[in-house]
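Structure first, then comments.
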Number of protein chains: 2
Amino acid sequence: MSAQPNKSEIAVLKHLWTHGEQSAREVHDGVTDETGWSYSTTRTVINRMADKSWVNRRDVHGIAVFAAAVSKVTVLGGMVRDLTRKVFDIEGELPVSMFAGSPHLSDGELDELEQLINTASSGDEETAK
Amino acid sequence: MSAQPNKSEIAVLKHLWTHGEQSAREVHDGVTDETGWSYSTTRTVINRMADKSWVNRRDVHGIAVFAAAVSKVTVLGGMVRDLTRKVFDIEGELPVSMFAGSPHLSDGELDELEQLINTASSGDEETAK
DNA sequence: TACAACGTGCTACACATGTAACACAGACAC
DNA sequence: GTGTCTGTGTTACATGTGTAGCACGTTGTA
């Protein structure tokens, strides 16, 4: 139900997709170069994402760790679908070769993404998680 | 300086790109099906875009008409660049064949877009208007 | 000419997002 | 055991966005 993540959220998600479950501190250290956030800001962004269930929180010996709760292909695919279908208004089959060079996607994931933007139907159905 | 337009703003811009200078009423009639906005909302969105200089306002016989102040290719290209470069982190040459099917782009514009995302360099330089 | 439409400027209010700071409790260092 | 880190919960405040409404002046119409 919640559309696409914004830039801040993407930064966090990309980090979690790559590094798996991490503490706020770890996420912060990973994204602060790119975002310039203070640790406090990183925590706020992560907490808000937890509220939206985009990350799951778990306590390990009293320390909070977070993991992405939405799949990489689903999120990235959603963004591609939005841009191509709703902004560019392209109908019909879409090639995904454009994204082949992404370090975030394996060949298998690229295939998944292709399927997602070409089937995952027209409208607004949520294929969350 | 202002990054990408949001969904509301894209709706208005797409209308203005297609129809040229229009009054708020005309824009409203053109986008209300898609947006579901009340006329009041349409006006607010347009006014805020004028504040950001994304549309130019002109008075014709006392009636305000608006025109896109940012070029289609620049805006759309910016969105593509953002998605590919900053979200997918793709470096190197990008094909634009994916967008060939868009009713919003002529062949020439597609070429421009290709150039834009492949040259318009790395960082944040603004190629506004 | 008196009312109905429509455009204009202005205002409103809730929720989202950017961007933190503060206070407190437990763990570790001396 | 006392200060220092670090994590946690909580709070803050400005700006952006979604989504309108209101009052007032002009103009077409009956």
Side-chain angles (χ1 to χ4, degrees), chain A residues 1-16 21-67 70 75 78-79 82 86-87 124, chain B residues 1-15 21-67 70 75 79 82 86-87 124:
Chain A
M1 167 164 304
S2 22
Q4 302 333 317
N6 58 39
K7 264 184 170 294
S8 303
E9 294 163 337
I10 280 291
V12 172
L13 283 177
K14 285 204 293 188
H15 187 79
L16 292 178
E21 201 174 53
Q22 296 233 300
S23 69
R25 175 67 63 184
E26 291 169 322
V27 172
H28 177 64
D29 292 341
V31 304
T32 188
D33 274 354
E34 177 192 341
T35 61
W37 293 335
S38 74
Y39 175 52
S40 210
T41 301
T42 305
R43 283 205 318 137
T44 300
V45 170
I46 296 177
N47 283 329
R48 287 175 179 170
M49 293 176 73
D51 288 344
K52 302 192 218 173
S53 296
W54 285 3
V55 298
N56 290 320
R57 179 194 174 130
R58 192 165 72 90
D59 269 48
V60 178
H61 305 303
I63 286 195
V65 290
F66 302 86
V70 285
V75 169
M79 296 180 77
D82 246 48
K86 297 187 185 167
V87 175
D124 286 15
Chain B
M1 170 164 302
S2 22
Q4 301 334 318
N6 59 37
K7 264 183 171 293
S8 303
E9 295 163 337
I10 281 290
V12 171
L13 283 177
K14 285 203 294 188
H15 187 79
E21 200 173 53
Q22 296 233 299
S23 69
R25 175 66 64 182
E26 290 168 323
V27 172
H28 176 64
D29 291 341
V31 304
T32 188
D33 273 354
E34 177 192 341
T35 61
W37 292 336
S38 73
Y39 175 54
S40 209
T41 300
T42 304
R43 282 204 320 138
T44 301
V45 170
I46 296 177
N47 282 331
R48 287 176 180 170
M49 293 176 71
D51 288 343
K52 301 192 219 174
S53 296
W54 285 2
V55 298
N56 290 319
R57 178 195 175 129
R58 192 166 72 90
D59 269 47
V60 178
H61 305 303
I63 286 195
V65 291
F66 302 85
V70 285
V75 170
M79 297 180 77
D82 245 48
K86 297 187 184 166
V87 176
D124 287 15

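Chain letters run A, B, ... following the sequence lines, proteins first, then strands; residues in each count from 1.
- Thr41(B) comes within contact range of at least one nucleobase, with a heavy-atom separation under 4.0 Å.
- When heavy atoms are screened at a 4.0 angstrom cut-off, Ala24(A) is found touching no nucleic acid atom at all.
- Among the atoms of the strands shown, only primed sugar atoms or phosphate atoms (P, OP1, OP2) are found under 4.0 Å from some heavy atom of Asn6(B).
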Inset, instruction - Kindly indicate, with the supporting measurements, whether the criterion side chain to side chain contact (heavy atoms under 4.5 Å, CB included) is fulfilled by Asp59(A) and Arg57(A). - result: CA-CA 7 Å; Asp59(A) 269 48; Arg57(A) 179 194 174 130; 3.4 Å; yes
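- Every residue two or more places apart in sequence or in another chain was checked for a side-chain hydrogen bond (donor to acceptor under 3.5 Å, both in side chains) with Ser40(B), and none qualifies.
- Reading DNA chain C from its 5' end, the first and the last nucleotide to sit under 4.0 Å from a heavy atom of chain B are dG7(C) to dA12(C).
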Legend entry - Verdict with reasoning, Ile10(A) to Met79(A), per side chain to side chain contact (heavy atoms under 4.5 Å, CB included): CA-CA 11 Å; Ile10(A) 280 291; Met79(A) 296 180 77; 3.6 Å; yes
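- Along DNA chain D, the stretch of nucleotides lying under 4.0 Å from any heavy atom of chain B spans, 5' to 3', dT17(D) to dG21(D).
- When all heavy atoms of Tyr39(A) and His28(A) are compared, the closest pair comes out as N-CE1, 3.3 Å.
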Legend entry - Verdict with reasoning, Lys7(B) to Lys86(A), per side chain to side chain contact (heavy atoms under 4.5 Å, CB included): CA-CA 9 Å; Lys7(B) 264 183 171 293; Lys86(A) 297 187 185 167; 3.5 Å; yes
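- Residue whose closest nucleotide on DNA chain C sits further toward the 5' end, between Val45(A) and Ser40(B): Ser40(B).
- Within the 4.0 angstrom heavy-atom criterion, only backbone atoms of the sugar-phosphate kind lie near Ser8(B); the bases stay farther away.
- Rounded to the nearest 0.5 angstrom, Ile46(B) CD1 and Arg48(B) CZ are separated by 12.5 Å.
- Using a 4.0 Å heavy-atom distance criterion, Arg25(A) is classed as a sugar-phosphate-only contact.
- Proximity of a side-chain donor or acceptor of Glu34(A) to a complementary backbone N or O of Val31(A) within less than 3.5 Å is not detected.
- A side-chain donor-acceptor contact under 3.5 Å links Ser38(B) and Thr41(B).
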Legend entry - Step-by-step side chain to side chain contact (heavy atoms under 4.5 Å, CB included) determination, Thr42(B) to Val27(B): CA-CA 8 Å; Thr42(B) 304; Val27(B) 172; 4.1 Å; yes
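- Mapping Thr44(A) and Phe66(A) onto DNA chain D via the closest heavy atom, the residue that lands nearer the 5' end is Phe66(A).
- Checking Arg43(A) against Trp37(B), the closest nucleotide of DNA chain D that is more toward the 5' end is the one next to Arg43(A).
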